[in-house]
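Below is one structure, written out as structure tokens; the observations come after it.
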Amino acid sequence: MQSTPLSGPQRGILVAVDLDDPKRSLEPELDEFEALVQAAGATILTRMVQRRDAVDPATLVGSGKAREIADAVKERGANLVLVLNDLRPRQRKNLELVIPVPIVDRTMVILDVFARHARSRDGKLQVELAQLRYRQSNLIGTGADLSRLGGGIGTRGPGETKLEVDRRRIAHRISVLNAQLEQVRRQRATRRSAHRREPLAALVGYTNVGKSSLLNALAKSDALVADQPFATLDPTVRRVYLGPERFARVVDTVGFITDLPKDLVAAFRATLEELDEADLLLHVMDASNPDRDRQRRAVDAQLEELKLDRKPRLFVLNKIDAVSGDLSHDASTLEVSAKTGAGLEALRAAIAASL
Ligand SMILES: Nc1nc2c(ncn2[C@@H]2O[C@H](COP(=O)(O)OP(=O)(O)OP(=O)(O)O)[C@@H](O)[C@H]2O)c(=O)[nH]1
Ligand SMILES: [Mg+2]
């Protein structure tokens with residue numbers, strides 16, 4: 001069951017509640033959300049941002065604003081409402097009573113992008129598991145059943161009994177997937193122990209910073225590169241020349257994002273375990289992105305969560321070709337460009353020295 005809730009020509013209205021947090025400006029998050037929505041194949045018609053001191057417990061945005069959104073949906077011919085903030089099941093339900101089109105939150109969009117980009121069998125299993133867990137904890141029925149009811153994700157849920165049936169089916173499918181992924185995990189672990197010859201460095205970092213490009217530049221390979229979030233889902237390992245008779249294996253894997261859905265992290269355990277084996281982390285950042293400090297903090301938090309924050313780490317600022325002027329950072333941070341090749345020799349040397 002790989003339903004893609006955002007397939008077809010989807011035109012959405014982006015909705016967000018701005019809590020005016022001085023430590024967390026909304027603008028970069030809105031831009032990032034829009035990029036995610038585009039990667040999921042939908043277009044944003046307009047943004048509706050509501051400033052509030054706190055989210056409304058019943059409708060997130062407040063009932064007046066909910067009606068305004070419903071009007072805008074009709075006026076603009078939108079067929080989707082995309083909500084940046086976390087939606088509780090009750091808030092979703094109440095909004096659905098007022099707004100006549102599917103309501104999709106950020107987690108669903110991220111899951112959808114992952115569903116579109118999953119290529120390998122393992123990747124597909126992991127995404128399906130994450131989707132089901134999310135539906136289970138948010139009391140959303142299975143995608144197939146929802147579409148038979150004539151809607152996509154976010155249409156009013158099936159009735160109680162229907163939901164019960166759905167729940168049992170979802171729970172069963174989840175246990176099947178868990179068993180299959182456990183097998184994947186064991187196979188990967190066996191394969192890894194058989195390959196322990198050369199040291200392993202792992203590229204980690206926010207999505208779209210150029211991790212795959214850097215791997216390609218270092219290994220002269222051609223892993224998929226794209227200007228969109230989550231182009232890479234499956235771990236790719238390449239052998240990289242460090243210096244005379246010195247090689248390392250370098251693994252490129254899924255990128256991180258602020259508030260990466262926890263169901264997704266849990267489902268991607270098999271993939272993320274590749275990182276456990278790494279002797280060194282190469283934390284790649286996008287020097288050209290004004291939002292890079294926020295991105296770096298999100299990656300730090302994610303590494304901590306994955307208990308990888310104690311690993312030796314090199315900080316690598318990529319895309320320096322796209323920056324004019326000086327970048328302020330500490331002396332140990334390396335500046336490179338996967339595009340022009342600048343700084344790659346220094347990076348090879350730094351990896352060799354760290355391993
Ligand atoms: N100007 C410039 N662009 C770069 C550089 N490295 C990567 N890019 C561009 O940045 C975008 C993302 O590159 P990827 O290598 O796919 O990034 P990634 O970190 O692997 O992204 P995900 O796998 O989606 O998380 C692409 O459009 C690349 O062409 C660089 O050194 N300079
Ligand atoms: Mg990539």
Side-chain angles (χ1 to χ4, degrees), residues 31-41 106 109-120 122-123 126-127 130 201-238 240 250-261 264-265 268 271-272 274-275 278 281-292 294-296 298-300 302-303 306 313-325 327 329 333-348:
D31 292 342
E32 179 178 286
F33 189 40
E34 187 152 346
L36 284 167
V37 170
Q38 277 163 2
R106 182 173 178 271
V109 174
I110 293 176
L111 289 174
D112 192 76
V113 175
F114 271 68
R116 283 171 171 253
H117 292 175
R119 292 284 169 272
S120 70
D122 303 357
Q126 294 180 105
V127 175
L203 291 158
V204 295
Y206 213 76
T207 183
N208 213 38
V209 295
K211 299 177 296 299
S212 302
S213 304
L214 204 52
L215 180 67
N216 287 341
L218 286 169
K220 304 187 168 56
S221 59
D222 56 356
L224 175 72
V225 166
D227 189 10
Q228 54 168 255
F230 303 118
T232 307
L233 290 189
D234 298 308
T236 311
V237 185
R238 293 281 181 273
V240 168
V250 177
V251 61
D252 171 32
T253 183
V254 58
F256 297 150
I257 199 165
T258 310
D259 301 327
L260 193 63
L264 205 50
V265 179
F268 269 71
T271 297
L272 292 168
E274 306 279 321
L275 300 179
L281 300 182
L282 305 171
H283 181 156
V284 185
M285 297 168 288
D286 180 349
S288 71
N289 195 324
D291 202 24
R292 67 171 187 276
R294 183 181 72 96
Q295 297 190 339
R296 178 187 164 156
V299 173
D300 284 341
Q302 198 66 58
L303 289 174
L306 294 166
R313 202 183 328 175
L314 280 178
F315 290 94
V316 183
L317 268 172
N318 185 33
K319 309 196 192 182
I320 48 156
D321 60 281
V323 191
S324 52
L327 289 159
H329 55 74
T333 302
L334 293 138
E335 293 186 6
V336 304
S337 165
K339 189 173 172 184
T340 66
L344 290 186
E345 287 323 302
L347 176 58
R348 284 181 213 276

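One is the number of the first residue; the rest follow in order along the sequence. Whatever order the structure lists them in is the order used to number ligands and atoms, beginning at 1. Side chains are part of it too, since the values below use all heavy atoms of this structure and drop only hydrogens, waters and symmetry mates.
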S213 N/O/S atom closer than 2.8 Å to the Mg ion (ligand 2): no
Atom 18 (P) of ligand 1: which protein heavy atom is closest, and how many Å away? K211 N, 3.4 Å
Less than 4.5 Å apart, side chain to side chain, heavy atoms only: is that true for V323 and E335? no
Steps toward side chain to side chain donor-acceptor pair (under 3.5 Å) verdict (N208, D227): CA-CA 7 Å; N208 213 38; D227 189 10; 3.0 Å; yes
Measure from the side-chain N and O atoms of N216 to the backbone N and O of A223, and report whether any donor-acceptor pair falls under 3.5 Å. yes
Closest to atom 22 (P) of ligand 1 (judged by heavy-atom distance), picking from T207, V204, N216, L224: T207
Suppose I only count heavy atoms of S213 and a 4.0 Å limit; which atoms of ligand 1 are within that range? 6 (N), 7 (C), 13 (O), 14 (P), 15 (O), 28 (C)
Spatial distance of atom CG (L314) from atom NE2 (H283) [nearest 0.5 Å]: 11.5 Å
Is the distance between the Mg ion (ligand 2) and the nearest N/O/S atom of T232 smaller than 2.8 Å? yes
Contact check: K339 vs ligand 1, nitrogen or oxygen atoms, below 3.5 angstrom: yes
Is Q302 close to V204 at the side-chain level, that is, under 4.5 Å between some pair of heavy atoms? no
Check whether any side-chain heavy atom of L224 lies under 4.5 Å from a side-chain heavy atom of R119, and answer yes or no. no
Nearest-contact summary for atom 31 (O) of ligand 1 - protein heavy atom, Å: A338 N, 3.0 Å
Considering the heavy atoms of N318, write down every atom of ligand 1 situated less than 4.0 Å from one of them. 5 (C), 6 (N), 31 (O)
Relative to ligand 1, is P229 under 4.0 angstrom through side chain, backbone, both or neither, heavy atoms considered? backbone
Do D286 and K319 sit within salt-bridge range, that is, some charged N less than 4.0 Å from a carboxylate O? yes
Nitrogen or oxygen of V225 less than 3.5 angstrom from that of ligand 1: no
Short list, please: which atoms of ligand 1 are under 4.0 Å from a heavy atom of D321? 1 (N), 2 (C), 30 (C), 31 (O), 32 (N)
Is it the case that the side chain of T207 and the backbone of F230 share a donor-acceptor pair, with hydrogens and angles ignored and the cut-off at 3.5 Å? yes
In the protein, what heavy atom is nearest to atom 27 (O) of ligand 1, and what distance, to one decimal place, separates them? D227 CB, 3.2 Å
The atoms of ligand 1 lying under 4.0 Å from a heavy atom of S337, numbered in the order shown, are 31 (O)
Report yes if G210 has an N/O atom closer than 3.5 Å to an N/O atom of ligand 1; otherwise report no. yes
When you measure from the side chain of R106 to the backbone N and O of P261, does any donor-acceptor pair fall under 3.5 Å? no
Which option wins on minimum heavy-atom distance to atom 11 (C) of ligand 1: V209, N208, V254, V284? N208
Can you find an N or O of A231 that's nearer than 3.5 Å to an N or O of ligand 1? yes
Taking the inter-plane angle between the rings of F114 and F268 on a 0 to 90° scale, is it parallel (under 30°), tilted (30 to 60°) or perpendicular (over 60°)? perpendicular
Heavy-atom nearest neighbour in the protein, as seen from atom 23 (O) of ligand 1, with distance rounded to 0.1 Å: T232 OG1, 2.8 Å
Nearest protein heavy atom with distance in Å, relative to atom 5 (C) of ligand 1: K319 CG, 3.5 Å
If I take atom CG from residue L36 and atom CG from residue D31, how far apart are they, to the nearest 0.5 angstrom? 11.0 Å
Nearest-contact summary for atom 16 (O) of ligand 1 - protein heavy atom, Å: A226 N, 3.1 Å
Say whether D321 and T340, considering side chains only, have a donor N or O and an acceptor N or O under 3.5 Å apart. no
What are the atoms of ligand 1, with element, lying closer than 4.0 Å to any heavy atom of Q228? 24 (O)
